[in-house]
Amino acid sequence: MKILEGLNPEQEEAVKHFKGPLLILAGAGSGKTRVLTHRIAYLISEYRVNPWNILALTFTNKAAGEMRERVDKIVSGKNPQDVWVSTFHSMCVRILRRYIEAIGYTRSFTIYDSDDQKTLMREVIKYLNLDPKKYKERAFLSVISSAKDELITPEQYALKAMGDYNKELYSHVYTEYQKRLKDANALDFDDLITKTVELFKNNPDILSYYQNRFKYIMVDEYQDTNTAQFKLIHLLANTKDEDGLILHNLCVVGDDDQSIYKFRGANIYNILNFEQAYPETRVIKLEENYRSTKNILNAANAVIHNNTVRKDKSLWTQKEKGDLIYFNRFANEYEEASEIADAISYAVSSGQALYKDFAILYRTNAQSRIFEEKLVTSNIPYKIVGAINFYQRKEIKDMLAYLRTIENGMDDISVKRIINVPKRGIGLATIDRISMYAAECGYSFYEALQNYEYIDGVKRSAAKLQSFVSLIESFKRHIADPNISLTEFMREVIEETQYVKLLEEEDTEESLGRIENIEELLNKVAAYEKSTDNPTLSGFLEEVALVADIDNVDENNDLVLLMTLHSAKGLEFPYVYIVGMEDGIFPGYKAVTSAEIEEMEEERRLCYVGITRAMKKLSLSCAICRFRNGEQQYNPPSRFLNEIPRYLIKQSRLDIQNAFKQSKKETPFIDKTAMQKNRTDAAAGKQLFATKSLTSIDYKEGDRIKHTKFGEGTVTSLNKKAGDYEVCVNFDSVGMRKMMASFAKLKKV
């Protein structure tokens, strides 16, 4: 059978599985997308499952698009387009657009992105008379997001918060934030999941419809699901057969070793405890890797096997051993960036590689600056994944705000954004009076605008307000005209608002760049219209609202990619550089100083993800010293380096360039004394990545000490651990902290 051709025995077993829950533990590069798409084809062709009874879910539009393309290609003559291939959020939007009126919203709801959420939160903070210098919107939004991930409503949060001042404050903010979202007929990203769960729980008939519709459910990247997503899938998978028995035809694919999104709410125990949730589960492991060389996989296995909370598995490959893992310890971050830029430049100029073959991965976005500088001076084209998203640029946000106002006049955030863009002479005092009137009357901001003649203190702006309302109402009439295409309508909005005209009059390099971006938005509208059977304004706004950073990565562009290790998941490159591998950077300071193993194990999983992005060559590097927070720091090499067997490492200061050529170039930043000591240590046969050992410290329990970041505190306990001391300190400013003495550099007061 063609569907089974080219599959290994484990892949074939997974494809043939028919009924009941299935857990596929798919290691990095083990062909999981291939298994999912072939399983869909097998269900349709061999088990005669209707395409519309199959749901396949993943996390990014890029992954969903790739799966959609493969399904359409492999499933022939059976209406493959009827298979729902979607991201979680897109599926929920699709369901909510149809049924959200059952929980008190209208179908024209707006989806708020992170910027919209921050704007709304600033309004909440102001309304509750909180000090914006003390209370930041990001902190409140993080707490609210975590609550929604766990399906905790404002009412439930309020009950749990009773008696705790800080939690009661968060409760007030959460309640007001959610109220304003509802008033604006808007949902944030977390709401897309939680409101769908709410819809299903409160409307058994709607849930039953989708349970009968989706008799076979497949979920990719299951290790990244949160509690809300787990509940959503659990509800949908409770499909019953003709005899009323629950089938649980649920196939989840994932790798607990690649669970790296705890900070976004991902719950690793969804995959670790899958067999407990579904006792009849069949487990299949995909361990053969088709991406990387043996040496790279051996390094990845050696690192991840140090984790204790994981499913047992090991990657292997039929590929060649390949190059050893290149390691360099540079004098500082400038030398690190310079040597890597030189190596890439030589590899491309000598015809051994293309720019797009390279990826530079780091732990935090702040590390990108120096690499940017070096790549620019070396004339190397590059792109930073996770930089300003196209849809976050001011001019694009402005144009989208116009479209959102036309689609959903209840969206106060969008209306307020454009009421004076381009400038119409409507001042902040006028906007405040309109806002107050809206609050008093229970109107949306746009409804208040339509009643401007009844608002005290806005008479001087009456003509301008009337002009704005007339403009929006005109747009609403035109978008309802079936003879006007979406592209034509977008051109009309651009022309009638005079947005581009004013940019042309400005005639600066920046304004011309903004015009080009607006033209690109127009191209996006045209492309959407061409690719959609029934294009609508709400459909277009929905599509752009759900775009993620990774969806903007065009693998055909010949550019070096710079990104965080988190952003790299799901990608692969012939040549990978993982930089800044020092304790306190990677793994991060929080993991190094935390007493909880979960923090360090997630960092180790992140290292595993980084290593397994490499196909041919992997280079790891650290620096003896680097500037952080305006200070020169000396960090020990990452403990993850010590977990890679010595026989897999090729160490030389020049090895990164020796991957392509021999070079003796040095930068003027080299600390020659430190470098000489490094060479002497290696020559003496010492451990390659040895960290400084502490035999004694000058403070004891009860002593007052000082820390560079946390200030003064009292030592509450000391525990000796493998050439170091674990110190627990009760700081005056931040409370209890646990850290290692060699890293913390505490001084006795």
Side-chain angles (χ1 to χ4, degrees), residues 130-136 138-140 142-143 146 160-171 173 262-263 306-309 363-364 366 580 582-604 606 622 624-640 642 689-749:
L130 299 176
D131 183 356
K133 293 181 180 178
K134 183 178 180 181
Y135 298 103
K136 301 298 183 185
R138 184 182 299 177
F140 286 127
S142 176
V143 170
S146 296
K160 291 185 177 183
M162 291 177 66
D164 185 315
Y165 174 79
N166 286 329
K167 287 186 178 178
E168 285 183 349
L169 175 61
Y170 283 120
S171 174
V173 172
K262 183 182 177 183
F263 68 98
N306 287 277
N307 271 7
T308 57
V309 182
R363 181 64 182 82
T364 63
E582 299 141 39
D583 270 12
I585 296 177
F586 186 36
Y589 179 82
K590 186 178 178 182
V592 170
T593 58
S594 175
E596 303 295 330
I597 64 168
E598 286 88 348
E599 294 284 349
M600 187 59 71
E601 295 213 343
E602 177 134 345
E603 291 285 297
R604 188 173 283 111
L606 191 56
C622 63
I624 292 172
C625 67
R626 71 174 65 236
F627 273 93
R628 296 189 74 199
N629 301 320
E631 296 179 351
Q632 195 170 37
Q633 294 186 358
Y634 292 83
N635 297 319
S638 171
R639 63 194 63 199
F640 301 147
N642 265 332
F689 314 116
T691 58
K692 185 178 179 181
S693 177
L694 278 181
T695 56
S696 64
I697 51 180
D698 64 351
Y699 47 84
K700 61 184 184 300
E701 287 185 23
D703 283 350
R704 295 285 292 175
I705 53 83
K706 189 173 183 179
H707 184 270
T708 54
K709 179 179 179 182
F710 301 134
E712 292 190 11
T714 303
V715 178
T716 60
S717 66
L718 287 170
N719 294 303
K720 194 163 186 178
K721 286 191 174 182
D724 205 342
Y725 287 87
E726 183 184 78
V727 188
C728 193
V729 183
N730 188 4
F731 288 102
D732 300 340
S733 59
V734 295
M736 203 67 72
R737 289 288 189 275
K738 192 173 286 188
M739 55 197 72
M740 303 308 292
S742 62
F743 183 75
K745 297 180 177 60
L746 302 172
K747 292 183 179 180
K748 187 175 179 180
V749 177

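Positions are given from 1, in the same order as the sequence printed here.
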task: For Glu598, enumerate each residue passing the salt bridge (charged side-chain N to carboxylate O under 4.0 Å, His left out) test, keeping only those at least two apart in sequence or located in another chain.
output: none

query: Short question: side chain of Glu601, backbone of Thr308 - any donor-acceptor pair under 3.5 Å?
result: yes

- prompt: Considering only heavy atoms from C-beta outward, does the side chain of Val143 approach that of Val173 to under 4.5 Å?
  reply: no

field: Note, Tyr634 side chain near Glu582 side chain (heavy atom, < 4.5 Å)
entry: no

message: Under the criterion side chain to side chain contact (heavy atoms under 4.5 Å, CB included), I'd like the reasoning laid out for Asn306 against Phe640: C-alpha separation, chi angles, the key distance, then a yes or no.
response: CA-CA 9 Å; Asn306 287 277; Phe640 301 147; over 6 Å; no

- prompt: Below 4.5 Å, heavy atoms only, C-beta onward: do Val727 and Tyr699 meet side chain to side chain?
  reply: yes

- request: Determine the interplanar angle of the Tyr589 and His707 rings, folded into 0 to 90°, and report it as parallel if under 30°, tilted if 30 to 60°, perpendicular if over 60°.
  value: tilted

- request: State, yes or no, whether a side-chain contact exists between Ile697 and Leu718 at a heavy-atom distance under 4.5 Å.
  value: yes

- prompt: Would you find more than 12 non-hydrogen atoms of other residues, nucleotides or ligands less than 6.0 Å from Phe263 atom CZ?
  reply: yes

- prompt: Do Asp164 side-chain atoms and Ala161 backbone N/O form a donor-acceptor pair below 3.5 Å?
  reply: no

Interatomic spacing from CG in Asn635 to CZ in Phe586 - rounded to 0.5 Å: 14.0 Å

task: Would you indicate whether the side-chain heavy atoms of Glu712 and Arg704 approach each other to under 4.5 Å?
output: yes

query: Is the side chain of Glu603 donor-acceptor paired with the backbone N or O of Gly588 at a distance under 3.5 Å, no angle test?
result: yes

- prompt: CZ of Arg604 to CG of Leu606: how many Å apart, nearest 0.5 Å?
  reply: 12.0 Å

- line: One should read off an interatomic distance between Tyr135 OH and Asp131 CG, to the nearest 0.5 angstrom, of 8.0 Å

message: Tell me the closest heavy-atom pair linking Ile585 and Arg363, and the distance in Å.
response: O-CG, 3.1 Å

- request: May I ask you to say whether Lys748 pairs ionically with Asp698, meaning some side-chain N is under 4.0 Å from a carboxylate O?
  value: no

task: Please check if the side chain of Glu599 supplies one atom and the backbone of Val592 the other of a donor-acceptor pair under 3.5 Å.
output: no

query: Looking only at atom types and distance, does a side-chain atom of Ser146 sit under 3.5 Å from a main-chain N or O of Ser142, one as donor and one as acceptor?
result: yes

- prompt: In Å and rounded to the nearest 0.5 Å, what is the CE to OG1 distance from Met600 to Thr593?
  reply: 8.5 Å

Pairwise distance OG(Ser171) to NZ(Lys160) - rounded to 0.5 angstrom: 12.0 Å

- prompt: What is the minimum heavy-atom distance between Arg626 and Gly580, and which atoms define it?
  reply: NH2-CA, 3.5 Å

- prompt: Asp583 side chain to Arg639 main-chain N or O, any donor-acceptor pair under 3.5 Å?
  reply: yes

message: Tell me if a side-chain donor or acceptor on Thr716 pairs with a main-chain N or O of Cys728 at a distance below 3.5 Å.
response: yes

